[in-house]
Colleague: 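Can you read through this structure? Questions will come right after.
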Protein chains: 2
Amino acid sequence: MPRDHRPAKSIRVLLAEDQGMMRGALALLLGMEPDIEVVAQVGTGDVIVDAALTHRPDVALLDIELPGMSGLDAAAELRDQAPDCRVLILTTFGRPGYLRRAMEAGAAGFLVKDGPVEELAVAIRRVLTGETVVDPALATAALSAGPSPLTARECDVLKASADGATVADVAARLHLSESTVRNYLSAAIGKTGTRNRMEALREARQQGWL
Amino acid sequence: MPRDHRPAKSIRVLLAEDQGMMRGALALLLGMEPDIEVVAQVGTGDVIVDAALTHRPDVALLDIELPGMSGLDAAAELRDQAPDCRVLILTTFGRPGYLRRAMEAGAAGFLVKDGPVEELAVAIRRVLTGETVVDPALATAALSAGPSPLTARECDVLKASADGATVADVAARLHLSESTVRNYLSAAIGKTGTRNRMEALREARQQGWL
DNA sequence: GTGCCACCCTGACATTTGTCACACCGAACT
DNA sequence: AGTTCGGTGTGACAAATGTCAGGGTGGCAC
C-alpha cells in the first residue's frame, strides 16, 4: 500500500457506483488530486450508509441506479444518520424528476455523467464550501417541468407493470382487482399524454417519476 | 499541448464511448500508461470509421450501445476499411449474443465494464500480440446459448415495437399488413418462451439478439 | 423434375388491454 | 352539520393484442 506524503487536510470521499470499471477509473482519478482521498468504494446501494458510518467521509458521491437501494433513498438516509456528510449525486441522465427528488433528499449537488471528468473534483470542492452545484439548464428544466402528476398508487402499478408483467400479475402482487389495475394504468396513460402502458412507462422513467 | 518524451513505439488507441465522463476517465488512465497513446476519442458510432481512417489507430476500443451506429456494425466496417486496426469491444453487459456477434464482426476481444480497470491496458497489449481476449465464463455461456432463433424480419418487428409503438405504427413503418406484424410478434413471443411483446423484447435484448 | 423446408405474408377469431361512468372514503374548507 | 375535492377501488364496454390455420415463394437435397 503506497503511503506517500499527503496534505494534512484531505477531503474524504465515499464512492458509490455499480459499474466496476467506472468506479475504479473515478477512484484512481480522484485519488490523484492532491487534496482528495477516496476512503471507501461500494457497488450496491444498501451498504452506503454502513460505509459512511464507518469511514466518515466528507462527501458521498452517489450513482442513482444502484442494485439494492437507490442512491436517492440512500441520500435521504445519510441526511438523518450522517448529517455532516454532503451528498453529491452522479447519474447517467439528467432527468428533471431525479434532480427534484435529489434536492428533496437533501443532496448538495447533482452531476450528469455526460460532462467532462474535470467537473468532478471541482464539484467536490465546491459542495464542501456549502455551495449547491447544479447545471443551470437542468435546474430550469426541472422547475418548469413541475412535480410528478402521478399518485403513489399509479407509480406502484406502473413500476409493477415493467418488463411485460400482465394485468393479472400486477393485480396479484399488489392485492388489487384487475379492473383497478387497468384503471390506474389508464390514468397514468392519460396524465403522461401517451397511448399505452409502454409509452407511459417510458415517459415516466424519462421524467424521473418512478 | 504537453509534448513530453514518450517511447518510440506507443500503441495508438481509438476510444468510442458515449458517456462523456467514462470516456474522459478512460482516456486519462490509458494515457498514463507509458506505451499507450489515445489518438482519437469519439462519442457517436457513425464517426468511428472516419476517425480510424484519419488517425490510423492500432486498437479501436468500442462501446456497443452508441448513438448513430452500433459498435458491432462499426467493427464490421473497420474489418473491411481498416483491417490493420484490431477491435476491442467494451460493453456494459456481457450478453451472449453480443459476444457472438462481436466475434462474427471480427473483434479481437470482448470486455465488460464491470471488471477492474487494470484489465483494460492488459487487454489492449494482448490483442496487439494477436491473442483473442474473452472472459472464459462468458465464452462458454455464449456457446451453450446457441445462435439467435429469430429471423431477420422478426428482429425488425421487435425493434420497431420498442418503446410502445403500436401495431399500426410498426406496420406503417415497415410497409406490412397489421396481421403480418402481429404474426411476427407472435412468433417472437413463442421463440423466446414469453407471454407478450414486452417480455419478448426484454428477453431478446437480454440475449443480445437485437 | 419433385418433394421438402424455411421464411415471408395475410385474414379470422379469442384474449388482453384501455376507456368510461360510477361508488366509497377521508381531509379540508364553509 | 354539509360540501367539495382528490385519491382509491370496481364493473361494463370498445379497441388493441396474441393465436391459429393457411397461401405464396425461393433455395436445396434427392
Side-chain angles (χ1 to χ4, degrees), chain A residues 97 100-101 104 145-210, chain B residues 97 100-101 104 145-210:
Chain A
R100 173 179 294 269
R101 282 159 63 194
E104 286 167 0
S148 168
L150 301 177
T151 74
R153 222 65 180 134
E154 285 160 1
C155 277
D156 292 343
V157 172
L158 262 189
K159 277 186 283 194
S161 300
D163 295 327
T166 172
V167 171
D169 297 341
V170 178
R173 187 180 319 168
L174 271 61
H175 307 293
L176 291 177
S177 155
E178 298 195 8
S179 310
T180 307
V181 172
R182 272 199 291 276
N183 194 39
Y184 281 135
L185 284 175
S186 182
I189 290 168
K191 288 179 178 177
T192 52
T194 52
R195 292 175 302 169
N196 53 44
R197 64 180 69 182
M198 247 175 128
E199 283 190 358
L201 209 40
R202 189 173 57 78
E203 179 66 15
R205 275 202 240 265
Q206 182 77 21
Q207 295 287 343
W209 290 340
L210 298 189
Chain B
R100 172 179 297 268
R101 282 158 64 195
E104 286 166 359
S148 168
L150 300 177
T151 73
R153 222 65 180 130
E154 285 159 359
C155 277
D156 292 343
V157 172
L158 261 188
K159 276 186 284 193
S161 300
D163 294 328
T166 174
V167 170
D169 296 341
V170 178
R173 187 181 318 167
L174 271 61
H175 307 291
L176 291 177
S177 153
E178 298 195 9
S179 310
T180 309
V181 172
R182 274 199 290 276
N183 195 38
Y184 281 135
L185 283 174
S186 183
I189 289 168
K191 288 179 178 176
T192 52
T194 52
R195 292 174 303 168
N196 51 45
R197 65 180 68 183
M198 246 175 129
E199 281 190 359
L201 208 41
R202 189 174 56 78
E203 179 66 15
R205 275 203 239 263
Q206 182 77 19
Q207 297 287 342
W209 289 340
L210 297 188

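No experiment lies behind these values; they were computed from the predicted model shown. Just so it is clear: chains get the letters A, B, ... in the order the sequence lines come, proteins before strands, and each one is counted from 1.
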Colleague: Out of C/dT10, C/dT17, D/dT19, which has the shortest distance to the side chain of B/S186?
Modeller: D/dT19

Colleague: Taking only side-chain N and O atoms of B/T180, does any of them lie within less than 4.0 angstrom of OP1 or OP2 on C/dC8?
Modeller: no

Colleague: Side-chain N or O of A/S177 versus OP1/OP2 of D/dG9: is the shortest distance under 4.0 Å?
Modeller: no

Colleague: Below 4.0 angstrom from OP1 or OP2 of C/dG18, is there any side-chain N or O of A/R195?
Modeller: no

Colleague: Nearest whole angstrom, please: distance from the P of D/dT19 to the CG of B/N196.
Modeller: 9 Å

Colleague: How many whole angstroms separate atom CG of B/D156 from atom C1' of C/dC7?
Modeller: 13 Å

Colleague: Is there a donor-acceptor contact under 3.5 Å from the side chain of A/R101 to the main chain of A/G208?
Modeller: yes

Colleague: Quick one: A/E154 CD to D/dG9 P, roughly how many Å, whole number?
Modeller: 11 Å

Colleague: Just by modelled atom types, is the A/A200 backbone N or O under 3.5 Å from a matching donor or acceptor in the A/E203 side chain?
Modeller: no

Colleague: NA contact type, A/N183, heavy-atom cut-off 4.0 Å: base, sugar-phosphate, or nothing?
Modeller: base

Colleague: If you compare every side-chain N and O of B/R153 against the phosphate oxygens of C/dC9 (OP1, OP2), does one of them come in below 4.0 Å?
Modeller: yes

Colleague: Is the shortest distance from a Lys or Arg side-chain nitrogen in A/D169 or B/R195 to a carboxylate oxygen in the other one below 4.0 Å?
Modeller: yes

Colleague: Between the base of C/dG11 and the side chain of B/S179, is there a donor and acceptor pair under 3.5 angstrom?
Modeller: yes

Colleague: Quick one: A/L176 CG to D/dG9 C1', roughly how many Å, whole number?
Modeller: 8 Å

Colleague: Give the rounded distance in Å between these two atoms: CG of B/L174 and C1' of C/dC8.
Modeller: 13 Å

Colleague: Judged by atom type as modelled, is there a donor-acceptor pair below 3.5 Å linking the side chain of B/T192 to the main-chain atoms of B/A188?
Modeller: yes

Colleague: Could you check how far CZ of B/R197 sits from C1' of C/dG18, rounded to whole Å?
Modeller: 14 Å

Colleague: Can you tell me if B/T151 touches the phosphate of C/dC8, counting only side-chain N or O atoms and a distance under 4.0 Å to OP1 or OP2?
Modeller: yes

Colleague: Can you tell which of D/dT8, C/dC8, D/dA16 lies closest to the side chain of B/Y184?
Modeller: C/dC8

Colleague: Taking only N and O in the side chain of A/R182, is any of them less than 4.0 Å away from OP1 or OP2 of C/dT19?
Modeller: no

Colleague: Between A/D169 (CG) and C/dT16 (P), how many Å, whole number?
Modeller: 11 Å

Colleague: Please report, rounded to the nearest Å, how far the C1' atom of D/dA16 is from the CG atom of A/L185.
Modeller: 15 Å

Colleague: Quick one: does any side-chain atom of B/K191 pair with a main-chain N or O of B/P149 as donor and acceptor, under 3.5 Å?
Modeller: yes

